[in-house]
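Notes follow the structure.
The analysis underlying the following values was restricted to heavy atoms, covering all of them including side chains, and did not include hydrogens, waters or symmetry mates. Sequential numbering from 1 along the given sequence is applied to the chain's residues.
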Amino acid sequence: MISFFSKKTYLVDFLEGFTDIHSHILPGIDDGAQTVEDSKKLLKSFGEFGVQNFITTPHIMHNYHDNSPVTIKTALAYLKNELTQEGLDHINIDASAEHMIDDNFEVILEKKQVLPLGRDYLLIEMSYLQPPINFDKAIEAVAHNRFFPVLAHPERYSFLHNKMRRYFEFKQQGIQFQLNMLSLSDYYGKEVFKTAIKLLEEGMIDFIGSDVHNMDHLTSIKKITLSKKMVELIEPVIDKTVYSFS
């Protein structure tokens with residue numbers, strides 16, 4: 001007999017001790033948290049399901065979010081000081097960046113004005129609508145500078161949907177993939193969800209992150225439920241993320 005009261009399995013049930021490698025929780029420097037109070041509210045809410053380790057990744061995007069290692073580290077120091085003042089210094093927070101591949105990307109890369117994810121990785125993104133004309137050249141430059149490129153949310157680029165061959169070509173270029181947690185639901189739409197599942201089934205996803213910008217994102221993550229099949233697909237990715245960045 002089917003029980004209508006069987007316990008649901010939530011994504012957050014698997015995140016105790018997780019290290020979130022993609023978020024926008026530094027205050028006031030991109031389209032994420034706007035104030036330190038926003039930042040603290042997000043961090044406290046993460047703590048409710050056991051996440052206290054973060055490598056936050058504000059945008060570096062020419063002419064939109066013109067951040068640099070200086071602006072990011074300044075915001076990080078300010079937030080960490082505020083956490084200490086409030087007795088929240090058990091939260092471990094470091095900073096990297098989400099680097100847009102645009103006309104300025106190779107310039108800041110050569111000037112060493114990028115912020116790696118961990119020691120050897122570089123988190124990159126591109127337009128959701130069309131690939132940058134300098135994409136292949138930029139990936140070569142990342143490798144030349146001795147970083148492993150990690151493409152943020154590959155499932156969200158609409159021009160790649162239904163083009164699995166291109167994803168395989170990216171992998172052959174040495175690009176690693178970071179899935180967004182919200183893509184395990186229809187938050188971004190059904191095509192993003194379908195692409196996320198396909199990439200997981202093909203074993204192409206290397207890491208997972210929240211990409212949290214605000215409380216709406218985090219509240220939606222808390223509601224994500226997983227089928228048994230999805231648990232089998234996502235648990236190894238969670239484990240690899242923790243192993244690689246803790």
Side-chain angles (χ1 to χ4, degrees), residues 18-26 29-32 53-76 92-128 130-157 160 166-181 183 199 204-213 237-238 240-246:
F18 181 70
T19 298
D20 190 11
I21 63 167
H22 185 175
S23 66
H24 298 267
I25 55 179
L26 291 185
I29 62 172
D30 68 359
D31 57 346
N53 302 304
F54 301 87
I55 306 174
T56 188
T57 51
H59 293 289
I60 295 181
M61 187 183 300
H62 191 43
N63 292 327
Y64 291 94
H65 302 294
D66 281 313
N67 282 308
S68 68
V70 172
T71 63
I72 292 170
K73 289 178 180 179
T74 299
L76 174 65
N92 300 307
I93 182 166
D94 202 351
S96 174
E98 183 178 14
H99 305 81
M100 175 64 76
I101 296 183
D102 54 24
D103 58 355
N104 198 48
F105 174 73
E106 291 166 71
V107 173
I108 64 171
L109 185 60
E110 290 304 316
K111 290 183 177 179
K112 303 190 184 306
Q113 293 178 348
V114 296
L115 272 177
L117 185 65
R119 279 179 19 183
D120 303 318
Y121 299 96
L122 201 69
L123 187 66
I124 56 174
E125 65 171 336
M126 54 184 167
S127 165
Y128 291 119
Q130 60 184 9
I133 58 174
N134 62 326
F135 184 83
D136 291 337
K137 188 165 175 281
I139 295 303
E140 290 177 6
V142 171
H144 178 74
N145 281 269
R146 299 184 180 276
F147 293 119
F148 298 105
V150 178
L151 181 61
H153 39 64
E155 71 282 0
R156 293 191 64 193
Y157 302 109
L160 291 174
R166 189 65 178 123
Y167 286 113
F168 281 110
E169 289 172 352
F170 285 164
K171 298 300 284 187
Q172 289 170 354
Q173 288 179 274
I175 300 171
Q176 302 196 48
F177 290 170
Q178 174 260 302
L179 180 79
N180 273 13
M181 291 177 185
S183 298
L199 291 172
M204 300 176 77
I205 297 296
D206 300 283
F207 308 118
I208 187 168
S210 73
D211 197 7
V212 155
H213 287 62
V237 178
I238 292 171
K240 182 179 179 181
T241 305
V242 173
Y243 177 80
S244 300
F245 296 100
S246 295

Side chains of [X] and [Y], heavy atoms from C-beta outward: is any pair under 4.5 Å?
X	Y	result
M181	V212	no
D206	K240	yes
I139	I124	yes
N53	F18	no
Q113	S68	no
F177	E155	no
M61	E125	yes
T19	I21	yes

As an exercise, state the distance from [atom1] of [X] to [atom2] of [Y], rounded to the nearest 0.5 Å.
X	Y	atom1	atom2	value
F54	D94	CZ	CG	12.5 Å
N67	I72	CG	CD1	5.0 Å
E98	T56	CD	OG1	10.0 Å
H153	L179	NE2	CG	10.5 Å
D102	N63	CG	CG	8.0 Å
L109	N145	CG	CG	4.0 Å

Check: N180 main-chain N/O paired with D211 side-chain donor or acceptor under 3.5 Å:
no
Does a side-chain N-to-carboxylate-O contact under 4.0 Å join K137 and D103?
no
Measure across [X] and [Y] and return the closest heavy-atom pair with its distance rounded to 0.1 Å.
X	Y	value
S96	I55	CB-CG2, 3.7 Å
Y167	Y157	OH-O, 4.3 Å
F147	P116	CE2-CB, 3.6 Å
V142	F148	CG1-C, 4.4 Å
P58	D30	CA-OD2, 3.3 Å
G209	Q178	N-NE2, 3.5 Å

What orientation do H59 and H213 show, parallel under 30°, tilted 30 to 60°, or perpendicular over 60°?
tilted
Would you confirm whether the ring centroid of F135 sits within less than 6.0 angstrom of the ring centroid of F170?
yes
Could you tell me whether H22 and F207 have their ring centroids closer than 6.0 angstrom?
no
Could you walk me through whether Q173 and D136 pass the side chain to side chain donor-acceptor pair (under 3.5 Å) check?
CA-CA 9 Å; Q173 288 179 274; D136 291 337; 3.2 Å; yes
Within a radius of less than 6.0 Å around OH of Y64, do more than 12 heavy atoms belonging to other residues, nucleotides or ligands occur?
no
Do S23 and S210 pair up side chain to side chain, a donor and an acceptor below 3.5 Å, judged on atom types alone?
no
